[in-house]
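Lettering of chains follows the sequences in order, A, B, ..., and the numbering in each one begins at 1. Since we're looking at a predicted model, the values are computed, not measured.
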Amino acid sequence: MAIFKGRSFILFPNNEVSSINIFENLIKNNGGKIIEYEHDITNASPDINYGYSHIIGLVNDSYLTLNNNKYEIYENNLLLNEMDLNKRKLWEFVKKNNITLVNISSVSFWLKVKKILINQDNIITITKDPGLHLEEISTSDSCNQSTSECETDIGDIINELVKCNSGSSKNLNSNLNNADNVGEVSSSGTLHGLKNEVIPQYNNEIEEDNKSISASSLARNTNGNELLIKTLDKLSKIHTIRGDEFRSRGYKLAKISVSKYPHKIKSAKEAQEKIPHIGASIAKKIETLLKTGKLPGLEIASKLESRKEYFSSCYGIGPVTAENWDSLQINSLNEALKRFPKIFQHDWSILFGWKYYEDWNKKIPRSECVKHMQIIKEELKLLDDSIECEIQGSFRRNRALCGDIDILFYKKECDDISDLYVVLEMLAIKLYKKKYIKCFLQLSKNINLVFDNEIQTTLQKAGISNNEFRSISLTNRPKLFLGAKLSTTIPEFDTSLYTINPEIDVKLHSEDKYMSSSVQANSVSHALEEYPCRRIDFFICKWSEIGASKLHYTGSGEFNREVRKIAISKGMKLTQHGLYQNDILLESFNEKRIFDLLDIPFIEPPDRQELKF
DNA sequence: CAGACGGCGCATCTCG
DNA sequence: CGAGATGCGCC
DNA sequence: GTCTG
């Protein structure tokens, strides 16, 4: 397919962002050219008949707004600030020669309809361009000037508007509404079904640790900060999904601090002065929140992220892939499969993430964890009764509901990990043959032997051929990831747990359901009686590292980060292998001694949700 | 005001 | 080919 | 995002 043959494209504001990058590749793969520098144009002289009509300018959708059904660049400075000198020159060129400008997601649409289709409504009009002159922008000084005018932050339009433009929420809303409509407009009505699909709304709290934090803190702190906590949580999630890890963390830490704060926050000033992790920016948001009861644009912003949230709830799909698919206006896993079968063929574990999407987003009651443990222990005894195992993770932290089951295996006075791995692999294979283990998420030679069939069946079910080489690790790993399911039905006394604590139900799109394991099982009225498939992780540790390992695998993740930060501040390093100073091992065997060396009191696992120093 | 923000395992991609 | 970067995973 | 040296 070379629908872009003979065409050249200029991407604005830059080519560096990953979501833009994917368009760049799409264009190249379909015969189009990318213009990056001015000389790319001057070298190729304009067509005698059509001038520069073979050149199309593409603008990233996030910089656009709708006005009377027409695209406009909603804040020129924002766009210009993201361009380097070359791009600014090309921008001048585009303006001077009236090069057609359209929103970049049109590319995705063109590929769908297999031709380039531009109508008047798609064309972006440049209004009130401040008309930066080349002489001006070529000095670095004035670049700085234009940035200081309104500190901008790539892609974070919402926050910027709140900050720079807090007076007018009108502007903000029109932009966001438009962004919400981008899919519809660029498809000019022809792809109407696309937008109508209902993206499932699920509970905000998918993550087990988050869930327990906010649940417990809400219980002990019903003092009126709930709205703020919820807002901070949303902001954190939005930035996680956008892949901005550190900004997301900023909000998350603020959220945790507010949860712990024992009073109702009465003013932004109070919050900023008394609560850690609240700085100028969040204080400003608090002010708006206290005054108006909401943060303009937040709802719409999180709606914009919902497609990405859907994708990244699937095992094997992270923020980058979700962002890529989202920017191509892919709405379902099935659509992604049709477009990029190779990804699924190669990253076959995503197919199992899909198959068990709903199951793996459910919580596990403690009582069920114990049952899994019994099965595994029993089988292990038969293989090697000198190997011991314990559940770590949220189970050891005494959570009523766990996200998955983490089992740590070790053997007294044994530091040979690959020795242990061999036994564990046998254990897993036996359990697979007994149909307790349903799937593996990575392969070794032996596992592939028993599991290959299942992979192939699953690939077929997805409608992709299986001629791809699958990489098989030869080394003995310290871990084994798998999915397993209790074959019995849920006993009477247990069902209350499943109904009183309804597991958070993350639902697949209807067109994605066909891959789901629960489709067959739940079609009968048995739904409640059968156990879901669970994520189970086997971890192996050296006997000499058992303290550090338990500390690591008990978590929580948040707790680990805090403790490790303390280690750093004392010039040490803490990992699952031990506590180090200048690469010299200080302690790895005794969990308590690690706390001692870090000069913090021993914290019981149930209190390791978050740090309380 | 620049730089850090946890640390590691595994698979894959990219580039010299 | 190997070193480093990237993406996703684990707590 | 905030915090630190």
Side-chain angles (χ1 to χ4, degrees), chain A residues 18 21 153 156 159 163 207-209 232 235-236 238-240 242-257 272 275-285 311-312 314-324 342-343 346-350 353 360 391-397 402-408 417 441-444 469-481 535-541 545 548-569 572-580 605 608-609 611:
Chain A
S18 77
N21 215 277
D153 186 3
D156 198 343
N159 291 332
K163 187 158 62 178
E207 228 179 52
E208 46 119 356
D209 284 323
L232 289 170
L235 284 165
S236 166
I238 285 174
H239 288 286
T240 300
R242 289 190 187 167
D244 190 342
E245 189 206 329
F246 293 115
R247 186 155 288 131
S248 159
R249 239 188 114 52
Y251 283 117
K252 190 166 188 179
L253 292 173
K255 175 198 136 186
I256 292 175
S257 302
Q272 188 172 358
I275 306 176
H277 300 116
I278 292 189
S281 171
I282 294 185
K284 189 138 197 180
K285 290 187 171 66
F311 291 137
S312 46
C314 180
Y315 180 94
I317 297 168
V320 175
T321 309
E323 166 73 44
N324 288 345
K342 275 197 179 146
I343 292 182
H346 202 246
D347 278 344
W348 54 273
S349 64
I350 294 178
W360 288 353
I391 311 184
Q392 307 291 309
S394 40
F395 185 88
R396 183 164 180 238
R397 295 200 310 276
C402 305
D404 64 357
I405 307 176
D406 315 290
I407 307 176
L408 184 63
I417 282 186
L441 292 166
Q442 71 292 69
L443 300 176
S444 68
F469 168 79
R470 282 198 300 276
S471 85
I472 293 164
S473 165
L474 296 171
T475 55
N476 289 338
R477 273 178 268 265
K479 55 168 92 170
L480 207 49
F481 292 169
R535 277 283 289 106
I536 300 196
D537 297 331
F538 287 0
F539 299 108
I540 301 169
C541 78
E545 296 179 351
S549 266
K550 283 192 183 183
L551 183 53
H552 171 85
Y553 288 115
T554 299
S556 69
E558 203 55 51
F559 177 82
N560 286 351
R561 297 176 80 148
E562 294 298 330
V563 177
R564 286 163 194 217
K565 227 182 332 190
I566 291 172
I568 291 173
S569 72
M572 306 182 211
K573 183 176 77 162
L574 178 63
T575 79
Q576 63 264 53
H577 302 297
L579 180 65
Y580 299 82
R608 298 189 196 168
Q609 288 302 96
L611 212 56

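If you take CG of Leu551(A) and C1' of dC10(C), they are 14 Å apart, rounded to a whole angstrom. Between the NZ atom of Lys479(A) and the P atom of dC10(B) there is a distance of 6 Å, given to the nearest Å. For the pair Arg561(A) CZ and dG7(B) P, the computed distance is 10 Å after rounding to whole Å. Taking atom CD of residue Gln272(A) and atom P of nucleotide dG1(D), one finds them 13 Å apart after rounding to whole Å. Regarding Phe311(A), its CZ atom lies at a distance of 13 Å from the P atom of dC8(C), rounded to whole Å. Per the geometry, CG belonging to Asp244(A) stands 13 Å off C1' belonging to dT2(D), to the nearest Å. Between Tyr315(A) atom OH and dC8(C) atom C1' there is a gap of 8 Å when expressed in whole angstrom units. Rounded to whole Å, atom P of dG7(C) lies 12 Å from atom CD of Glu245(A).
Comparing dA11(B), dG9(B), dC3(D) by their nearest atom to the side chain of Gln442(A) picks out dA11(B). With dC10(C), dG6(B), dC10(B) as the candidates, the nucleotide lying closest to the side chain of Asn560(A) is dG6(B). Closest to the side chain of Asp347(A), out of dT12(B), dG1(D), dC3(D), is dT12(B). Here dC10(C) is the nucleotide among dC10(C), dG6(B), dT12(B) with the atom lying nearest to any side-chain atom of Arg535(A). For Ser281(A), taking side-chain heavy atoms from C-beta onward, the closest of the listed nucleotides dC5(B), dC8(B), dT2(D) is dT2(D). The listed nucleotides are dC10(C), dG7(B), dG6(B); the one nearest the side chain of Asp406(A) is dC10(C). Set against dC13(B), dC3(D), dC8(B), the side chain of Lys573(A) has dC8(B) as its closest nucleotide.
Between the side chains of His277(A) and Arg249(A), not a single donor N or O lies within less than 3.5 Å of an accepting N or O. No side-chain donor from either of Ser549(A) and Gln576(A) sits under 3.5 Å from a side-chain acceptor of the other.
The distance from atom OG1 of Thr554(A) to atom CZ of Phe395(A), rounded to the nearest 0.5 Å, is 11.5 Å. To the nearest 0.5 Å, the span separating CG on Asn560(A) from CG on Leu551(A) amounts to 6.0 Å.
A parallel orientation is assigned to the rings of Tyr553(A) and Phe539(A), their planes being inclined by less than 30° (bins at 30° and 60°). Classified by interplanar angle (parallel below 30°, tilted 30° to 60°, perpendicular above 60°), the ring pair Tyr251(A)/His239(A) is parallel.
Leu441(A) comes within 4.0 angstrom of nothing in the nucleic acid, heavy atoms only. As judged by a 4.0 angstrom heavy-atom cut-off over every strand, Ala254(A) is placed among residues making no nucleic acid contact. If you check every strand for non-hydrogen atoms under 4.0 Å, His552(A) touches a base. Across all strands, Ser236(A) comes closer than 4.0 Å to no nucleic acid atom at all (heavy-atom distances). Among the protein residues, Ile282(A) comes within range of the sugar-phosphate backbone only, with heavy atoms under 4.0 Å from sugar or phosphate atoms but none that close to a base.
Remark: Thr321(A) is in phosphate contact with dC8(C), judged by side-chain N or O atoms under 4.0 Å from OP1 or OP2. The phosphate of dG9(B) has OP1 or OP2 within less than 4.0 Å of a side-chain N or O from His577(A). OP1 or OP2 of dA11(B) sits under 4.0 Å from a side-chain N or O of Arg477(A). Contact check, Lys285(A) against dG1(D): a side-chain N or O comes under 4.0 Å of OP1 or OP2. OP1 or OP2 of dT4(D) has not a single side-chain nitrogen or oxygen of Lys565(A) nearer than 4.0 Å. At dC5(B), none of the side-chain N or O atoms of Arg564(A) fall inside 4.0 Å of OP1 or OP2 (strictly under the cut-off). Considering only side-chain N and O atoms, Arg249(A) lies under 4.0 angstrom from the phosphate OP1 or OP2 of dG6(B). Between Ser556(A) and the phosphate of dC11(C), there is no side-chain N or O to OP1/OP2 separation shorter than 4.0 Å.
One P atom belongs to dT6(C), the other to dA4(B), and the distance between them is 16 Å to the nearest Å. Using atom C1' as the reference point in both dT2(D) and dC8(B), the two lie 25 Å apart (nearest Å). dG5(D) and dG7(B) have their P atoms separated by 16 Å, with the value rounded to a whole Å.
Both thresholds, 5.5 Å between centres and 30° between ring planes, are met by Phe246(A) relative to the base of dC5(B), so the two rings are stacked.
Cation-pi geometry between Lys573(A) and Tyr580(A) is met: under 6.0 angstrom from the ring centre, within 45 degrees of the axis.
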